[in-house]
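Keep in mind it's a predicted model, so treat the numbers as computed, not measured.
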Amino acid sequence: MGSHGRGLMLACCLLLAFTCGPVLGRVSRGPQEQQEGTQEPLLEHAERVEEKHEKYSPRQSEDPPASRCYRCCDPGAPVYPAIPVPQINITILKGEKGDRGDRGLQGKYGKTGSVGARGHVGPKGQKGSIGAPGDRCKNHYAAFSVGRKKPLHSNDYYQTVIFDTEFVNLYGHFNMFTGKFYCYVPGIYFFSLNVHTWNQKETYLHIMKNGEEVVILYAQVSDRSIMQTQSLMLDLQDQDEVWVRLYKGERENAIFSDEFDTYITFSGYLVKHAAEP
């Protein structure tokens with residue numbers, strides 16, 4: 001080969017040396033050398049991990065710096081407070097009040113509800129004002145007029161004159177059985193008694209009020225008979241009694257009448273009610 005061939009061979013040898021050099025350096029060594037070579041890198045790796053752990057782990061006597069980073073597995077890792085959610089002020093976003101709208105249509109009436117329970121009695125109200133004067137009270141009436149058609153002679157005792165003819169007996173205040181007027185409407189009353197005397201006999205009667213003699217009707221003995229009258233006004237209260245009494249028979253005493261005409265009459269009526277001013 002010439003010089004050109006020797007140069008080409010030298011270039012091939014250099015290329016082979018560069019290619020196979022790193023591979024030959026990885027050839028396995030002896031057991032002792034291999035163990036020594038393995039322990040040295042392991043020790044170095046453990047020392048580096050421990051130094052790194054001590055570097056980033058906080059000591060018990062020292063507080064960790066605020067800018068230090070922690071791992072989740074590190075003891076004593078600080079608990080960070082939860083960050084509150086930001087609140088949005090809605091009033092800032094509220095717009096201006098708009099114009100009032102038109103009134104809507106009235107809805108349908110609902111069903112009538114059931115009657116509720118009776119409520120408690122309320123407090124007593126205040127006294128009201130005086131009302132307007134009322135109408136005048138209604139009028140009260142009382143009146144009677146009765147007669148007798150039978151003559152009556154005196155006896156040994158006083159006799160109540162009983163009347164057998166009723167002309168007027170308003171509301172029945174005059175009792176025809178007892179011969180007495182009973183007052184049920186108090187007030188001022190007018191009474192009148194009319195009798196016919198008997199010839200040659202005395203006439204002697206009293207108008208009585210509650211058992212007391214009030215006025216007398218008297219006529220002396222005469223040859224002729226005459227009509228005799230007596231009248232008066234009395235202030236009566238409720239349940240007062242008024243009647244006519246014939247005097248007892250110490251003297252010949254009588255009043256005349258017959259079945260054809262009425263000679264004896266007794267009348268009375270209310271003039272003014274007690275409640276009227």
Novice: So do M233 and I188 actually touch side chain to side chain, heavy atoms under 4.5 Å?
Specialist: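 The answer is yes; the side chains approach within 4.5 Å.
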Novice: Looking only at atom types and distance, does a side-chain atom of D164 sit under 3.5 Å from a main-chain N or O of K149, one as donor and one as acceptor?
Specialist: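 A pair under 3.5 Å: yes.
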Novice: Hey, could you give me each pair passing salt bridge (Lys or Arg N to Asp or Glu O under 4.0 Å) that has a residue in residues 252-266? Not counting sequence neighbours.
Specialist: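 Output for this query lists K201-E252.
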Novice: Find the distance between CE (M227) and CG (N194) and round it off to the nearest 0.5 Å.
Specialist: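 Output value for this atom pair is 5.5 Å.
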Novice: V214, L246: one ILVMFWY side-chain cluster at the under-4.5 Å cut-off?
Specialist: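 Yes, same cluster.
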Novice: Below 30° counts as parallel, above 60° as perpendicular, anything between as tilted: where do the rings of H273 and H140 land?
Specialist: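 Parallel.
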Novice: Side chain of S154, backbone of N253: donor and acceptor closer than 3.5 Å?
Specialist: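 Side chain of S154 to backbone of N253: a pair is present.
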Novice: Under the salt bridge (Lys or Arg N to Asp or Glu O under 4.0 Å) definition, can you give me all pairs with a residue in residues 222-244, not counting sequence neighbours?
Specialist: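 Residue pairs with at least one partner in residues 222-244: K180-E241.
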Novice: Test your reading of the model: is there a side-chain donor-acceptor pair from K209 to the backbone of E213, 3.5 Å cut-off?
Specialist: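 No; judged by distance alone, with no hydrogens or angles, the pair does not exist.
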Novice: Does M176 belong to the same Ile/Leu/Val/Met/Phe/Trp/Tyr cluster as V161, with side-chain heavy atoms less than 4.5 Å apart forming each link?
Specialist: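 Shared cluster, yes.
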Novice: Is there a continuous path of hydrophobic side-chain contacts, each under 4.5 Å between heavy atoms, that joins L234 to L270?
Specialist: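 L234 and L270: one cluster.
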Novice: Could you grab the distance from atom OG of S145 to atom CZ of F163, nearest 0.5 Å is fine?
Specialist: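 Atom-to-atom, S145:OG and F163:CZ are 9.5 Å apart.
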Novice: Rounded to the nearest 0.5 Å, how far does CD1 of I207 lie from CZ of R245?
Specialist: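 If I round to the nearest 0.5 Å, the distance is 12.0 Å.
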Novice: Show me the donor-acceptor pairs within less than 3.5 Å that the side chains of residues 104-123 make with the rest of the protein, sequence neighbours left out.
Specialist:
{"from": "Q106", "atom 1": "NE2", "to": "Y109", "atom 2": "OH", "distance (Å)": "3.3"}

Novice: Do V244 and F191 have side chains that get closer than 4.5 Å, going by heavy atoms?
Specialist: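 No - every pair of side-chain heavy atoms lies 4.5 Å or more apart.
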Novice: Quick one: which of Y189, F266, W243 gives a ring-ring contact (aromatic ring centres under 6.0 Å, His included) with F181?
Specialist: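 Testing F181 for a ring-ring contact (aromatic ring centres under 6.0 Å, His included) against Y189, F266, W243 leaves exactly one candidate, Y189.
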Novice: Could you tell me whether a side-chain N or O of N175 sits under 3.5 Å from a main-chain N or O of F177, the two making a donor and an acceptor?
Specialist: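 Side chain of N175 to backbone of F177: a pair is present.
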Novice: Is there a path of hydrophobic side-chain contacts, each under 4.5 Å between heavy atoms, that joins V215 and V195?
Specialist: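 Yes: a chain of side-chain contacts under 4.5 Å links V215 to V195.
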Novice: So, do F167 and F144 have ring centers that fall under 6.0 Å from each other?
Specialist: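 F167 vs F144: aromatic centres not under 6.0 Å.
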Novice: State, to 0.1 Å, how close F174 and N169 come at their nearest heavy-atom pair, and which atoms those are.
Specialist: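 Distance-wise, the nearest heavy atoms are O-ND2, 2.8 Å.
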Novice: Answer yes or no: is there a donor N or O on one side and an acceptor on the other, between the side chain of R148 and the main chain of S257, under 3.5 Å?
Specialist: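 Not at all, since once roles are kept as given, no pair shorter than 3.5 Å links the two residues.
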Novice: Looking at L152 and Q159, what are the two nearest heavy atoms and their distance?
Specialist: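 Closest approach of L152 to Q159, heavy atoms only: CD1-OE1, 3.6 Å.
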Novice: Mind checking whether V146 and T165 have side chains closer than 4.5 Å, heavy atoms only?
Specialist: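 Counting from C-beta outward, V146 and T165 never come under 4.5 Å.
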Novice: For a quick test of reading the model, state the closest non-hydrogen atom pair linking V221 to E202 and the distance between them.
Specialist: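 Reported closest heavy-atom pair: CG2-N, 3.9 Å.
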Novice: What are the two closest heavy atoms between V185 and Y141, and how far apart are they?
Specialist: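 Reported closest heavy-atom pair: CG2-O, 4.1 Å.
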Novice: Within the structure provided, determine whether T229 and S192 are in side-chain contact (heavy-atom separation under 4.5 Å).
Specialist: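 They are in contact (side-chain heavy atoms under 4.5 Å apart), so the answer is yes.
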Novice: So do T197 and I255 actually touch side chain to side chain, heavy atoms under 4.5 Å?
Specialist: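 No. Closest side-chain heavy atoms not under 4.5 Å.
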Novice: Is the distance from the ring center of Y184 to that of Y171 below 6.0 Å?
Specialist: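 No, the ring of Y184 stays outside the 6.0 Å limit from the ring of Y171, centre to centre.
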Novice: How far apart are the closest heavy atoms of S225 and H196, and which atoms are they?
Specialist: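 S225 and H196 have their closest heavy atoms at OG-CE1, 2.8 Å.
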Novice: Can you tell me if K150 has over 12 outside heavy atoms packed within less than 6.0 Å of its NZ?
Specialist: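 At most 12 heavy atoms, drawn from other residues, nucleotides or ligands, come within 6.0 Å of this atom.
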Novice: For H173 and Y182, I'd like to know if the aromatic rings sit close, meaning centre-to-centre distance below 6.0 Å.
Specialist: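 H173 vs Y182: aromatic centres not under 6.0 Å.
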Novice: In Å and rounded to the nearest 0.5 Å, what is the OH to NE2 distance from Y218 to H206?
Specialist: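 These two atoms lie 11.5 Å from each other.
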Novice: Distance from S222 atom OG to N199 atom CG, nearest 0.5 Å?
Specialist: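 So the OG of S222 and the CG of N199 are separated by 7.0 Å.
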Novice: Taking all non-hydrogen atoms of both residues, which atom of I216 and which atom of Y204 are closest, and how far apart?
Specialist: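 Taking every non-hydrogen atom into account, CD1-CE1, 2.7 Å.
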